[in-house]
Amino acid sequence: MTLETLSENKCFGGIQGIYQHPSRETGTPMRFALYRPPQALEPGARVPVLWWLSGLTCTEENFTIKAGAQRYAAEHGLMLVAPDTSPRGLDLPEEHAAYDFGSGAGFYVDATVQPWARHYRMYSYVTGELPALVAAHFPMDPARQGVSGHSMGGHGALVIALRNPDRYRSVSAFAPIVTPSRVPWGQKAFTGYLGEERALWAAYDATALVGGSEWRGPILIDQGDADTFLGTQLTPEVFADAARTAGVPITLRMQPGYDHSYFFVATFIGEHIAHHAAALAG
Ligand SMILES: N[C@@H](CCC(=O)N[C@@H](CS)C(=O)NCC(=O)O)C(=O)O
C-alpha cells in the first residue's frame, strides 16, 4: 500500500497533509486530506478518527481549507480524514458534463451500471480501502471512528453509519441529502450508477435504511433555513420523522439565515466535532 505525500503543513500544533495513493477500488490514483492533531504526534499514540465526506463538486481540499476544523480537532485530539468525492483522471462518456453526476459526484455508492461500475466504487473505497490504508500509515484507533459530511457527503455519512453500526460510533451531517430516492440529485445519480431498479437504491437511502438499522447512537443534523436546496433536494424533516419512528435519537437543528455554503459548515463544525469527540472518548 504505497502512499505519496503531496504536502504537509503544521497547523494548530498538528500536521495537515495531502496524500495520494493508487486505489484498488477505483482503479485510479486517489487523494485525501488527513489532519493529525498534536496528540497523534506523541510516540505510541493512537487517536480517534472522524471521516469527513464532502458534497458535490468538492475535492479533498474544500473542507480542509474552508471549514476551519483543525482547531477543534486539535482541542479534542481527533484525526480528520477527508477523501475526494469521486475517481479522477478518467474520461468516461459524459463524466465531466454536469456538476451533479460523474466526477465530483460519486455519491458514495458502488456503481453497478457500466462504465461506472469499474471505477465508481466510492462506498467500498471510503468504508474499506481507505480506512485500512490510513490505519496502516497513521496512528488512528480503528475502534474509535466517526463519520460526518455535507450535502452529498451528509448522505454518505448517514448511510455509512446506518449500514455499519458496529464500525462507526458517531455520526452527524450538515444539510444532508436524506431522501436521495425521492429528489432530483439522488434520482439522477442512482439511475446512472445503479440503474432503474429501485430496490437497489434503498441500500443508499438514509430514510429507507433508518427503520431497519441497528444504529442507536445520537444523530446530529444541522440545516440552514436559507439553503436554496432546502425542500427540493434536502428534506431533513422526512428523515427526522423516520428516525423518531425507529427510536433513533435525532437532533435536527434548523439554523436561521444560514445557506448551503462552507460558511455554514464553518459556523457549526466545532459543535459537530465536540459531538463526535464525546462519543469517541475513551
Ligand atoms: N454550486 C453548485 C452546487 C454545488 C454545491 O453547492 N456544492 C456544495 C456541496 S453540495 C459545495 O460544498 N461546494 C463547494 C464549496 O463550497 O467549496 C451549483 O452549481 O449549484
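We count ligands from 1, going down the list as the structure has it; atoms in each ligand are counted the same way.
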**Asked** Which residue pairs pass the salt bridge (charged side-chain N to carboxylate O under 4.0 Å, His left out) test when at least one of the two sits in residues 43-70, sequence neighbours left out?
**Response**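 Matches after skipping sequence neighbours: none remain.
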**Item:** Qualifying residue, where the test is side chain to side chain donor-acceptor pair (under 3.5 Å) with T179 and the options are T235, D205, T207
**Value:**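 With T179 as partner, side chain to side chain donor-acceptor pair (under 3.5 Å) holds for just one option, T235.
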Taking only distance into account, with no hydrogens and no angle test, what donor-acceptor pairs under 3.5 Å do side-chain atoms of residues 240-252 form with protein atoms, sequence neighbours excluded?
from : atom 1 : to   : atom 2 : distance (Å)
D241 : OD1    : R244 : NH1    : 3.0
T245 : OG1    : D241 : O      : 2.9

**Request:** Pick out which of T127, L50, L162 makes a side-chain contact (heavy atoms from CB on, under 4.5 Å) with Y168.
**Result:**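 Considering T127, L50, L162, a side-chain contact (heavy atoms from CB on, under 4.5 Å) with Y168 is found only for T127.
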**Prompt:** Can D222 and R253 be counted as an ion pair, charged N to O under 4.0 angstrom?
**Reply:**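 A salt bridge links D222 with R253.
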Result block: side-chain N/O donor-acceptor pairs under 3.5 angstrom for residues 274-282, not counting sequence neighbours:
from : atom 1 : to   : atom 2 : distance (Å)
H275 : NE2    : V171 : O      : 2.9
H276 : ND1    : S170 : OG     : 2.7
H276 : NE2    : S172 : OG     : 2.8

**Message:** As a test of reading the model: which residues have a non-hydrogen atom less than 4.0 Å away from ligand 1?
**Reply:**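 Its neighbours under 4.0 Å (heavy atoms only) are G55, L56, T57, C58, N62, K66, Y99, H150, S151, F229, H260, Y262, given by chain and number.
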